[in-house]
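Structure first, then comments.
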Amino acid sequence: MYGIIGGSGVCDPEMLDDARAREVTTPYGGVSVYTGIIGSKDVAFLPRHGQGHSVPPHRVNYRANIWALKSLGVTRVIGTSAVGSLRKDVPPGTYVVLSNFLDFTSGRPSTFFEGTGSTSGDDAVVHIDVTEPYCPQLRGILLRSGEALGLGMADSGVYVCTPGPRFETSAEIRMFAQLGGDVVGMTNVPEVVLAREAEICYASVAMVTNYAAGISSDKLTHAEVLDIMGQNIASIKELILHTVPAIPETRSCPCPTLLMGAKG
Ligand code: HPA
(Lines give C-alpha, C1' and ligand atoms only; values in the text may rest on other atoms or scores of the structure.)
Protein backbone atom coordinates (compact mmCIF):
# COMPACT_ATOMS: atom_id res chain seq x y z
CA MET A 1 0.00 0.00 0.00
CA TYR A 2 1.13 3.59 -0.67
CA GLY A 3 0.56 6.60 1.55
CA ILE A 4 -0.19 10.25 0.88
CA ILE A 5 0.22 12.77 3.68
CA GLY A 6 -1.66 15.88 2.68
CA GLY A 7 -0.36 19.18 4.02
CA SER A 8 -1.98 22.60 4.27
CA GLY A 9 -4.87 22.86 1.84
CA VAL A 10 -4.74 19.15 0.96
CA CYS A 11 -7.23 17.72 3.47
CA ASP A 12 -9.81 16.16 1.20
CA PRO A 13 -9.61 12.50 0.11
CA GLU A 14 -11.10 13.39 -3.27
CA MET A 15 -8.06 12.00 -5.12
CA LEU A 16 -9.00 8.47 -3.98
CA ASP A 17 -11.57 6.23 -5.62
CA ASP A 18 -13.77 4.29 -3.17
CA ALA A 19 -12.49 6.36 -0.23
CA ARG A 20 -13.34 4.90 3.17
CA ALA A 21 -12.69 6.65 6.48
CA ARG A 22 -10.80 4.52 9.01
CA GLU A 23 -9.56 4.93 12.55
CA VAL A 24 -6.17 3.36 13.23
CA THR A 25 -5.04 2.70 16.80
CA THR A 26 -1.34 3.22 17.57
CA PRO A 27 0.73 3.28 20.78
CA TYR A 28 0.80 7.07 20.36
CA GLY A 29 -2.94 7.64 19.90
CA GLY A 30 -5.63 7.19 17.27
CA VAL A 31 -5.26 8.40 13.69
CA SER A 32 -7.99 9.12 11.13
CA VAL A 33 -7.08 8.04 7.63
CA TYR A 34 -8.87 7.31 4.39
CA THR A 35 -8.12 4.24 2.34
CA GLY A 36 -9.01 3.90 -1.33
CA ILE A 37 -7.60 3.36 -4.79
CA ILE A 38 -5.50 5.35 -7.25
CA GLY A 39 -5.20 3.55 -10.60
CA SER A 40 -4.79 -0.04 -9.46
CA LYS A 41 -2.89 0.79 -6.24
CA ASP A 42 -4.21 0.70 -2.70
CA VAL A 43 -3.59 4.08 -1.10
CA ALA A 44 -3.96 5.50 2.40
CA PHE A 45 -4.55 9.24 2.59
CA LEU A 46 -3.74 11.04 5.82
CA PRO A 47 -4.50 14.75 6.20
CA ARG A 48 -1.63 15.97 8.39
CA HIS A 49 -3.57 18.82 9.95
CA GLY A 50 -6.79 16.85 10.41
CA GLN A 51 -10.09 17.67 8.81
CA GLY A 52 -10.64 21.41 8.39
CA HIS A 53 -6.96 22.13 9.21
CA SER A 54 -7.56 21.92 12.97
CA VAL A 55 -4.12 20.66 14.13
CA PRO A 56 -1.22 23.18 14.05
CA PRO A 57 2.31 22.03 13.04
CA HIS A 58 3.69 21.80 16.60
CA ARG A 59 0.80 19.58 17.70
CA VAL A 60 0.75 17.12 14.81
CA ASN A 61 1.14 13.61 16.20
CA TYR A 62 3.92 12.68 13.78
CA ARG A 63 4.76 9.37 15.45
CA ALA A 64 1.14 8.21 15.46
CA ASN A 65 0.76 9.20 11.79
CA ILE A 66 3.79 7.26 10.56
CA TRP A 67 3.01 4.31 12.84
CA ALA A 68 -0.55 4.20 11.49
CA LEU A 69 0.65 4.15 7.88
CA LYS A 70 3.23 1.47 8.66
CA SER A 71 0.59 -0.68 10.38
CA LEU A 72 -1.60 -0.44 7.26
CA GLY A 73 1.28 -1.91 5.24
CA VAL A 74 2.41 1.35 3.63
CA THR A 75 5.90 1.13 2.10
CA ARG A 76 6.03 4.44 0.22
CA VAL A 77 4.82 7.88 1.33
CA ILE A 78 4.48 11.09 -0.63
CA GLY A 79 4.03 14.16 1.52
CA THR A 80 2.76 17.52 0.36
CA SER A 81 3.38 20.80 2.08
CA ALA A 82 3.17 24.54 1.69
CA VAL A 83 6.44 26.44 1.99
CA GLY A 84 7.84 29.94 1.86
CA SER A 85 10.74 30.57 -0.53
CA LEU A 86 14.06 31.94 0.68
CA ARG A 87 15.16 32.56 -2.89
CA LYS A 88 13.98 35.17 -5.35
CA ASP A 89 14.66 32.69 -8.18
CA VAL A 90 12.25 30.12 -6.66
CA PRO A 91 8.98 32.02 -7.00
CA PRO A 92 5.53 31.19 -5.62
CA GLY A 93 3.95 28.47 -7.74
CA THR A 94 7.13 26.35 -7.89
CA TYR A 95 6.93 22.69 -6.85
CA VAL A 96 10.10 21.74 -4.99
CA VAL A 97 11.05 18.06 -4.69
CA LEU A 98 12.83 18.32 -1.36
CA SER A 99 16.35 16.91 -1.16
CA ASN A 100 17.58 17.79 2.33
CA PHE A 101 16.60 19.61 5.52
CA LEU A 102 17.87 21.87 8.28
CA ASP A 103 16.04 21.19 11.54
CA PHE A 104 15.27 24.19 13.74
CA THR A 105 12.49 22.52 15.72
CA SER A 106 13.01 21.48 19.31
CA GLY A 107 11.12 19.27 21.71
CA ARG A 108 9.12 17.39 19.10
CA PRO A 109 9.02 13.65 19.80
CA SER A 110 11.08 12.54 16.84
CA THR A 111 11.98 8.88 17.33
CA PHE A 112 10.24 5.54 17.78
CA PHE A 113 13.29 4.34 19.70
CA GLU A 114 13.30 6.08 23.08
CA GLY A 115 15.53 3.44 24.61
CA THR A 116 12.92 2.80 27.33
CA GLY A 117 10.68 0.25 25.68
CA SER A 118 7.70 1.91 27.31
CA THR A 119 5.68 2.85 24.24
CA SER A 120 6.74 0.97 21.16
CA GLY A 121 8.09 -2.01 23.04
CA ASP A 122 11.40 -1.59 21.24
CA ASP A 123 14.26 -0.98 23.63
CA ALA A 124 16.88 -0.41 21.00
CA VAL A 125 19.10 2.63 20.75
CA VAL A 126 18.92 3.72 17.12
CA HIS A 127 20.86 6.35 15.21
CA ILE A 128 19.20 6.49 11.80
CA ASP A 129 21.22 7.71 8.82
CA VAL A 130 19.83 10.92 7.30
CA THR A 131 22.72 11.81 5.01
CA GLU A 132 20.21 11.76 2.14
CA PRO A 133 16.89 12.02 4.02
CA TYR A 134 14.45 11.68 1.10
CA CYS A 135 14.03 8.49 -0.97
CA PRO A 136 16.00 8.93 -4.22
CA GLN A 137 13.76 6.56 -6.21
CA LEU A 138 10.52 8.24 -5.14
CA ARG A 139 11.99 11.73 -5.68
CA GLY A 140 12.89 10.80 -9.26
CA ILE A 141 9.38 9.54 -9.98
CA LEU A 142 7.78 12.67 -8.50
CA LEU A 143 10.05 14.92 -10.51
CA ARG A 144 9.45 13.10 -13.81
CA SER A 145 5.68 13.14 -13.20
CA GLY A 146 5.68 16.87 -12.51
CA GLU A 147 7.78 17.58 -15.57
CA ALA A 148 5.52 15.42 -17.77
CA LEU A 149 2.55 17.45 -16.51
CA GLY A 150 4.33 20.73 -17.31
CA LEU A 151 4.42 21.91 -13.69
CA GLY A 152 7.16 24.33 -12.63
CA MET A 153 9.39 21.85 -10.81
CA ALA A 154 12.61 22.41 -8.85
CA ASP A 155 14.58 19.15 -8.73
CA SER A 156 16.06 19.80 -5.28
CA GLY A 157 15.69 22.06 -2.31
CA VAL A 158 16.86 22.32 1.27
CA TYR A 159 13.87 22.59 3.62
CA VAL A 160 14.30 24.61 6.78
CA CYS A 161 11.90 23.32 9.42
CA THR A 162 10.84 25.91 11.97
CA PRO A 163 8.85 25.13 15.14
CA GLY A 164 5.89 27.36 14.29
CA PRO A 165 3.15 28.16 14.71
CA ARG A 166 4.40 31.70 14.18
CA PHE A 167 5.98 32.68 10.90
CA GLU A 168 9.66 33.65 10.90
CA THR A 169 11.32 37.02 11.41
CA SER A 170 13.11 38.60 8.46
CA ALA A 171 16.42 38.18 10.37
CA GLU A 172 15.78 34.45 10.78
CA ILE A 173 15.05 34.14 7.08
CA ARG A 174 18.31 35.96 6.20
CA MET A 175 20.17 33.53 8.48
CA PHE A 176 18.45 30.45 7.00
CA ALA A 177 19.36 31.61 3.48
CA GLN A 178 23.00 32.08 4.49
CA LEU A 179 23.02 28.58 5.99
CA GLY A 180 21.96 27.03 2.70
CA GLY A 181 18.18 26.78 3.07
CA ASP A 182 15.97 27.13 0.00
CA VAL A 183 12.43 26.90 1.42
CA VAL A 184 10.88 27.12 4.88
CA GLY A 185 8.01 25.24 6.46
CA MET A 186 6.93 23.81 9.80
CA THR A 187 6.17 20.11 9.33
CA ASN A 188 8.72 18.06 7.41
CA VAL A 189 10.75 17.27 10.52
CA PRO A 190 10.26 14.87 12.22
CA GLU A 191 7.90 13.36 9.61
CA VAL A 192 10.68 12.35 7.18
CA VAL A 193 12.91 11.08 10.01
CA LEU A 194 10.19 8.85 11.46
CA ALA A 195 9.43 7.47 8.01
CA ARG A 196 13.09 6.48 7.76
CA GLU A 197 12.99 4.80 11.16
CA ALA A 198 9.97 2.88 9.87
CA GLU A 199 11.94 1.98 6.70
CA ILE A 200 9.26 3.66 4.60
CA CYS A 201 10.35 5.44 1.41
CA TYR A 202 9.43 9.10 1.84
CA ALA A 203 9.49 11.97 -0.64
CA SER A 204 7.91 15.35 -0.35
CA VAL A 205 6.70 17.90 -2.84
CA ALA A 206 6.67 21.37 -1.37
CA MET A 207 4.57 23.99 -3.07
CA VAL A 208 5.90 27.52 -2.75
CA THR A 209 2.96 29.66 -1.65
CA ASN A 210 4.88 32.83 -0.78
CA TYR A 211 8.25 34.50 -0.47
CA ALA A 212 9.45 34.04 3.13
CA ALA A 213 9.43 36.96 5.56
CA GLY A 214 11.46 39.91 4.30
CA ILE A 215 12.22 38.37 0.88
CA SER A 216 9.36 40.43 -0.51
CA SER A 217 7.59 43.31 1.16
CA ASP A 218 4.23 41.49 1.16
CA LYS A 219 2.70 40.75 4.55
CA LEU A 220 2.53 37.04 5.36
CA THR A 221 -0.79 35.52 6.35
CA HIS A 222 -1.98 31.96 6.84
CA ALA A 223 -5.11 32.84 4.88
CA GLU A 224 -2.92 33.71 1.88
CA VAL A 225 -1.05 30.40 2.16
CA LEU A 226 -4.34 28.46 2.20
CA ASP A 227 -5.70 30.59 -0.64
CA ILE A 228 -2.70 29.87 -2.90
CA MET A 229 -2.82 26.16 -2.00
CA GLY A 230 -6.55 26.18 -2.84
CA GLN A 231 -5.82 27.70 -6.25
CA ASN A 232 -3.27 24.94 -6.93
CA ILE A 233 -5.10 21.95 -5.50
CA ALA A 234 -6.06 20.66 -8.95
CA SER A 235 -2.38 20.52 -10.00
CA ILE A 236 -1.31 18.85 -6.77
CA LYS A 237 -4.04 16.26 -7.19
CA GLU A 238 -2.96 15.70 -10.79
CA LEU A 239 0.65 15.27 -9.69
CA ILE A 240 -0.34 12.62 -7.13
CA LEU A 241 -2.65 10.82 -9.58
CA HIS A 242 0.17 10.73 -12.13
CA THR A 243 2.91 9.76 -9.66
CA VAL A 244 1.29 6.90 -7.72
CA PRO A 245 0.66 4.60 -10.73
CA ALA A 246 4.25 5.25 -11.90
CA ILE A 247 5.80 3.83 -8.72
CA PRO A 248 7.30 0.40 -9.47
CA GLU A 249 6.66 -2.46 -7.04
CA THR A 250 10.37 -2.99 -6.44
CA ARG A 251 12.18 -0.61 -4.15
CA SER A 252 15.61 0.13 -5.66
CA CYS A 253 16.74 2.41 -2.83
CA PRO A 254 18.41 2.02 0.57
CA CYS A 255 15.12 2.66 2.47
CA PRO A 256 13.96 -0.95 3.09
CA THR A 257 17.02 -1.80 5.20
CA LEU A 258 17.75 1.49 6.94
CA LEU A 259 17.65 -0.04 10.43
CA MET A 260 20.37 -2.52 9.56
CA GLY A 261 23.43 -1.24 11.34
CA ALA A 262 21.51 1.65 12.94
CA LYS A 263 20.70 -0.21 16.16
CA GLY A 264 23.12 -0.07 19.04
N1 HPA B 1 7.10 29.99 6.68
C2 HPA B 1 6.81 28.84 7.31
N3 HPA B 1 5.90 27.98 6.88
C4 HPA B 1 5.26 28.28 5.72
C5 HPA B 1 5.52 29.46 5.01
C6 HPA B 1 6.50 30.36 5.52
O7 HPA B 1 6.79 31.42 4.92
N8 HPA B 1 4.71 29.46 3.92
C9 HPA B 1 4.00 28.30 3.98
N10 HPA B 1 4.32 27.58 5.06
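Whatever order the structure lists ligands and atoms in, that order sets their numbers, starting from 1. Note that this is a predicted model, so its numbers are computed, not measured.
- Tracing side-chain contacts under 4.5 Å through hydrophobic residues (I, L, V, M, F, W, Y), one reaches Ile240 starting from Leu138; they form part of the same cluster.
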For residues 192-200, which side-chain N or O atoms pair as donor and acceptor with protein atoms under 3.5 Å away, sequence neighbours left out?
residue : atom : partner : partner atom : Å
Arg196  : NE   : Asp129  : O            : 2.7
Arg196  : NH1  : Glu132  : O            : 3.2
Arg196  : NH1  : Pro133  : O            : 3.2
Arg196  : NH2  : Asp129  : O            : 2.9
Glu197  : OE1  : Thr111  : OG1          : 3.1
Glu197  : OE1  : Phe112  : N            : 2.6
Glu197  : OE2  : Thr111  : OG1          : 2.7
Glu199  : OE2  : Leu258  : N            : 3.1
Glu199  : OE2  : Leu259  : N            : 2.7

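- Asp155 places none of its side-chain heavy atoms less than 4.5 Å from the side chain of Val97.
- Residue pairs satisfying the side chain to side chain donor-acceptor pair (under 3.5 Å) criterion with at least one member in residues 13-24, sequence neighbours excluded, are listed as follows: Glu23-Ser32.
- Here the side chains of Ile236 and Tyr95 are in contact, with some heavy-atom distance below 4.5 Å.
- Evaluation of the ring-ring contact (aromatic ring centres under 6.0 Å, His included) test over residues 175-201, restricted to residues two or more places apart or in two chains, returns Phe104-Phe176.
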Could you pull out the N/O contacts under 3.5 angstrom between ligand 1 and the surrounding protein atoms?
residue  : atom   : partner : partner atom : Å
ligand 1 : 1 (N)  : Glu168  : OE1          : 2.8
ligand 1 : 1 (N)  : Glu168  : OE2          : 3.3
ligand 1 : 7 (O)  : Asn210  : ND2          : 3.0
ligand 1 : 8 (N)  : Gly84   : N            : 3.3
ligand 1 : 8 (N)  : Asn210  : OD1          : 2.7
ligand 1 : 10 (N) : Ala82   : O            : 3.2

